[in-house]
Student: 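Below is the structure I would like to discuss, written out as structure tokens.
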2 protein chains.
Amino acid sequence: MADVARLAGVSHQTVSRVLNGHPNVRAETQARVQAAIEELGYRRNSSARALVTRRTGVIGVVAFDTTHYGPAQTLAGIEHAARADGYFLSVVTLQTVTPAAVREAMDYLAQQSVEGYVVIAPKRAVVEGLADQPAGRPVVAVEGGEAPDVPMVCVDQVGGGYLATRHLLDLGHRTVHHIGGPRDWLEAEGRIEGWRRALEEAGAEIPEPHFGDWRPRSGYDIGVRLAADPAITAVFVANDQMALGTLRALAEAGVRVPEDVSVVGFDDIPESAFFTPPLTTVAQDFTEVGRRGIGLLIDLLEESGDGAAAPPARRVVPARLVTRTSTAPARA
Amino acid sequence: MADVARLAGVSHQTVSRVLNGHPNVRAETQARVQAAIEELGYRRNSSARALVTRRTGVIGVVAFDTTHYGPAQTLAGIEHAARADGYFLSVVTLQTVTPAAVREAMDYLAQQSVEGYVVIAPKRAVVEGLADQPAGRPVVAVEGGEAPDVPMVCVDQVGGGYLATRHLLDLGHRTVHHIGGPRDWLEAEGRIEGWRRALEEAGAEIPEPHFGDWRPRSGYDIGVRLAADPAITAVFVANDQMALGTLRALAEAGVRVPEDVSVVGFDDIPESAFFTPPLTTVAQDFTEVGRRGIGLLIDLLEESGDGAAAPPARRVVPARLVTRTSTAPARA
DNA sequence: CTGAAAGCGCTTACAG
DNA sequence: CTGAAAGCGCTTACAG
């Protein structure tokens with residue numbers, strides 16, 4: 001900066017003013033400074049700046065092992081939104097998901113003086129890790145169902161589960177079986193609640209749900225058992241990967257989809273349109289979740305007016321049913 | 001730090017020594033300082049530290065839209081490796097993949113004073129963007145095939161393509177058809193080269209390859225055409241998602257896999273074991289790629305001895321064939 | 001509209 | 001083994 005000032009024949013002070021777009025600089029001076037900056041390829045030292053402004057412009061993100069489609073997409077959404085607003089993203093990916101690991105990750109990020117956190121928190125353990133954070137930096141959770149204290153943005157899982165189940169009931173199925181995700185996932189919980197609500201509302205029998213681990217294998221194993229019960233005509237599976245396994249188990253057992261059994265998934269991963277048969281499923285707008293999560297955090301950071309920030313309504317992103325050919329009317 | 005020094009009854013200088021693990025501190029003094037740090041919940045200001053040490057400990061990562069399995073996994077691998085070595089990761093995800101976008105992303109990261117870059121560069125355009133970087137910070141590319149100047153770590157794509165094709169030839173197929181990825185992807189190029197090499201080596205006819213866009217739909221569209229040709233008995237598809245589409249097209253056309261046609265994919269995504277039928281494919285160790293990429297960059301940053309850093313051999317991670325039931329011996 | 005001064009919170013030689 | 005001094009490169013009041 002000293003070099004730039006010298007070349008432009010001004011004080012380093014004025015260079016700073018130009019850099020920060022302060023109004024009180026003569027146009028001609030500004031041009032000269034700009035030229036000097038270009039010529040020298042000068043780049044402001046971010047550490048020095050952060051030291052004095054007490055702002056690093058860095059948002060810490062605690063992400064998940066990204067083999068899961070949802071968390072991976074959410075991370076991308078968060079990144080785009082943050083960059084659009086001029087923030088940097090420092091990411092830690094959780095390997096083991098325990099409250100301690102979450103705290104450790106946040107602690108690690110704190111070393112880098114992040115201004116706030118976005119935590120992808122679809123599991124209960126993550127939300128618990130959030131609970132007893134040393135106050136100070138704002139935290140926004142994303143994909144986390146109902147969290148007591150932490151501001152949260154998520155897709156309407158209950159609504160999505162309801163949508164899927166309602167779709168099957170509307171096709172004339174007497175009831176709908178469910179293959180849920182792991183019970184410590186808040187998303188799994190939301191989806192099962194939506195399923196139950198739709199059944200209750202329709203006065204349908206509520207069969208005992210089964211629980212998988214999100215992976216195709218578990219959907220397959222449960223599917224093998226479901227295939228053995230000829231009374232079953234409709235299954236709502238809590239994610240597309242498990243639904244894939246279920247489809248495979250049904251096919252192997254000679255159960256036709258959708259003629260004998262209708263199947264609905266959840267997530268709308270890129271592959272699901274090409275399953276055998278193409279899967280009816282529930283799509284989530286992860287990009288929007290990321291955008292709102294970052295928006296909420298930035299509101300908190302910049303305390304735009306009232307402390308209430310975004311109204312709760314803006315924090316729930318609706319789910320959307322995508323109808324393909326794995327579902328059909330129940331046989332009479 | 002001043003507060004800590006006061007509480008411990010030493011100079012802030014000594015506090016710094018304790019923080020940095022300098023040897024020349026009396027054990028008793030150190031304990032007192034530690035206690036003071038704990039009591040005050042003191043945390044060193046990273047900006048001040050970076051300002052004087054000229055090291056931010058931040059590695060910039062230019063990643064890809066993470067809907068692709070490979071890049072997503074690689075990112076996770078990079079993150080784990082970086083954290084294990086005490087580095088922070090600042091990530092930019094590319095939306096449009098052009099040389100200009102790559103430069104822009106690196107420029108953005110430069111604002112944050114990253115010490116070096118790991119760039120996920122499976123497309124030619126990314127490698128081009130890397131070419132004319134203003135020197136200064138070291139760059140390591142990952143997943144990028146052959147790059148002229150930039151140090152590179154990648155899975156042996158040629159070897160993988162060879163493995164897949166060889167497997168089919170070994171099963172007695174006279175030749176192997178190929179559905180390649182987009183031609184501007186270096187990985188697609190490597191796989192096709194391995195395919196061609198295996199065919200040449202076996203003296204087999206080399207059919208005209210087809211090219212998809214990695215997505216299931218394109219594998220489907222090409223599969224529809226392949227299904228119409230009864231002479232075809234073996235297909236090597238450049239990724240699992242397209243292979244999924246191909247399987248679907250074959251099934252719809254009444255072509256049985258593997259009885260009529262054998263299919264091999266590439267990537268070993270979590271779903272592929274549950275395709276119809278379970279897919280024989282080529283697995284890549286992305287974690288290892290991430291680890292070596294970070295290792296290489298850190299070598300560069302810390303200039304451990306000679307400038308040669310890791311020997312080229314260490315930079316190529318072997319691919320591995322995973323045999324499932326989508327492949328079978330050719331009919332006599 | 002522009003400059004001289006002070007200070008952000010650290011680390012790095014330099015003394016002792 | 002420990003402290004007093006200088007300085008990293010910025011921004012923020014304060015003058016003028």
Side-chain angles (χ1 to χ4, degrees), chain A residues 1-37 39-58 86 88 109-115 136-137 301-302, chain B residues 1-58 86 88 110-115 136-137 301-302:
Chain A
M1 187 147 140
D3 296 341
V4 173
R6 204 172 305 121
L7 183 61
V10 297
S11 69
H12 71 271
Q13 154 80 288
T14 295
V15 176
S16 170
R17 269 194 273 263
V18 171
L19 247 24
N20 292 304
H22 281 225
N24 295 343
V25 179
R26 218 163 16 128
E28 193 249 333
T29 312
Q30 181 177 328
R32 226 167 37 201
V33 171
Q34 281 297 5
I37 288 174
E39 186 174 335
L40 266 40
Y42 166 76
R43 187 160 255 149
R44 172 162 59 188
N45 180 310
S46 62
S47 303
R49 176 163 218 247
L51 179 57
V52 58
T53 60
R54 301 173 166 293
R55 299 209 52 182
T56 55
V58 179
F88 296 97
L109 290 166
Q111 283 176 44
Q112 205 196 344
S113 312
V114 298
E115 293 190 24
R137 301 169 222 254
L301 287 174
E302 301 177 353
Chain B
M1 187 147 140
D3 295 343
V4 173
R6 204 171 307 121
L7 184 60
V10 297
S11 70
H12 70 272
Q13 154 77 292
T14 296
V15 176
S16 170
R17 269 194 273 262
V18 171
L19 246 23
N20 292 305
H22 281 227
N24 293 344
V25 179
R26 224 179 353 145
E28 193 250 332
T29 312
Q30 180 177 326
R32 226 165 40 199
V33 171
Q34 280 298 3
I37 287 173
E38 304 270 300
E39 186 173 336
L40 266 40
Y42 166 76
R43 186 159 258 150
R44 171 164 56 189
N45 180 310
S46 62
S47 303
R49 176 163 219 248
L51 178 57
V52 58
T53 59
R54 300 171 168 294
R55 301 207 52 180
T56 55
V58 179
F88 295 97
Q111 283 175 46
Q112 206 197 340
S113 312
V114 298
E115 293 188 23
R137 299 169 223 255
L301 287 174
E302 302 178 353

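Residue numbers start from 1 in every chain, and the chains themselves are labelled A, B, ... in the order their sequence lines are given, proteins ahead of strands. Computed from heavy atoms alone, side chains included, the values below leave out hydrogens, waters and symmetry copies.
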Student: Using atom types as modelled and distance alone, determine if a side-chain donor or acceptor of B/Ser47 lies under 3.5 Å from a backbone N or O of A/Ala50.
Tutor: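 A pair under 3.5 Å: no.
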Student: Heavy atoms only: give me the nearest B/Val114-B/Arg137 pair and the separation to one decimal.
Tutor: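 Answer, listing the atom of B/Val114 first, then B/Arg137: O-NH1, 2.8 Å.
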Student: Using a 4.0 Å heavy-atom cut-off, does A/Arg17 contact any base of the nucleic acid, only the sugar-phosphate backbone, or nothing at all?
Tutor: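 The residue A/Arg17 makes base contact.
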Student: Within this structure, what is the CG-CZ distance for the pair A/Asn45 and A/Arg43, rounded to the nearest 0.5 Å?
Tutor: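 Reported to 0.5 Å precision, the distance equals 12.0 Å.
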Student: Rounded to the nearest 0.5 Å, what separates atom NE2 in A/His22 from atom OG1 in A/Thr14?
Tutor: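 So the gap between those two atoms works out to 11.0 Å.
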Student: To the closest 0.5 Å, what do you measure between CG (A/Leu7) and OH (A/Tyr42)?
Tutor: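 Rounded to the nearest 0.5 Å, the CG-OH separation comes to 13.5 Å.
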Student: Rounded at 0.5 Å granularity, tell me how far CD in B/Gln111 sits from CZ in A/Arg49.
Tutor: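 Nearest 0.5 Å value for the CD-CZ distance: 9.5 Å.
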Student: Could you list where the contact with chain B starts and ends along DNA chain D, reading 5' to 3', using a 4.0 Å heavy-atom cut-off?
Tutor: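 It runs D/dC1 to D/dG9.
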Student: Measuring from atom OG of B/Ser113 to atom CZ of B/Arg55, what distance do you get when rounded to the nearest 0.5 angstrom?
Tutor: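 Answer for the OG-CZ pair, B/Ser113 versus B/Arg55, is 13.0 Å.
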Student: About how many Å separate CZ of B/Phe88 and CG of A/Leu109, when rounded to the nearest 0.5 Å?
Tutor: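 Answer for the CG-CZ pair, A/Leu109 versus B/Phe88, is 7.0 Å.
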Student: Using a heavy-atom cut-off of 4.0 Å across all strands, would you classify A/Thr29 as base, sugar-phosphate, or nothing?
Tutor: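 Counting heavy atoms under 4.0 Å across all strands, the contact made by A/Thr29 is with sugar-phosphate only.
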Student: Mapping B/Pro23 and A/Ser16 onto DNA chain D by nearest heavy atom, which one lands closer to the 5' end?
Tutor: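 Looking at DNA chain D, the more 5' nearest nucleotide goes with B/Pro23.
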Student: Of B/Val52 and B/Gly9, whose nearest nucleotide on DNA chain D comes first from the 5' end?
Tutor: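 First, find each residue's nearest nucleotide; the 5'-ward one identifies B/Gly9.
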Student: Which dot-bracket string fits DNA chain D when only Watson-Crick or G-U wobble pairs with both atom distances under 3.5 Å count, crossing pairs get [ ], and | stands for a partner on a different strand?
Tutor: |||.||||||||.|||
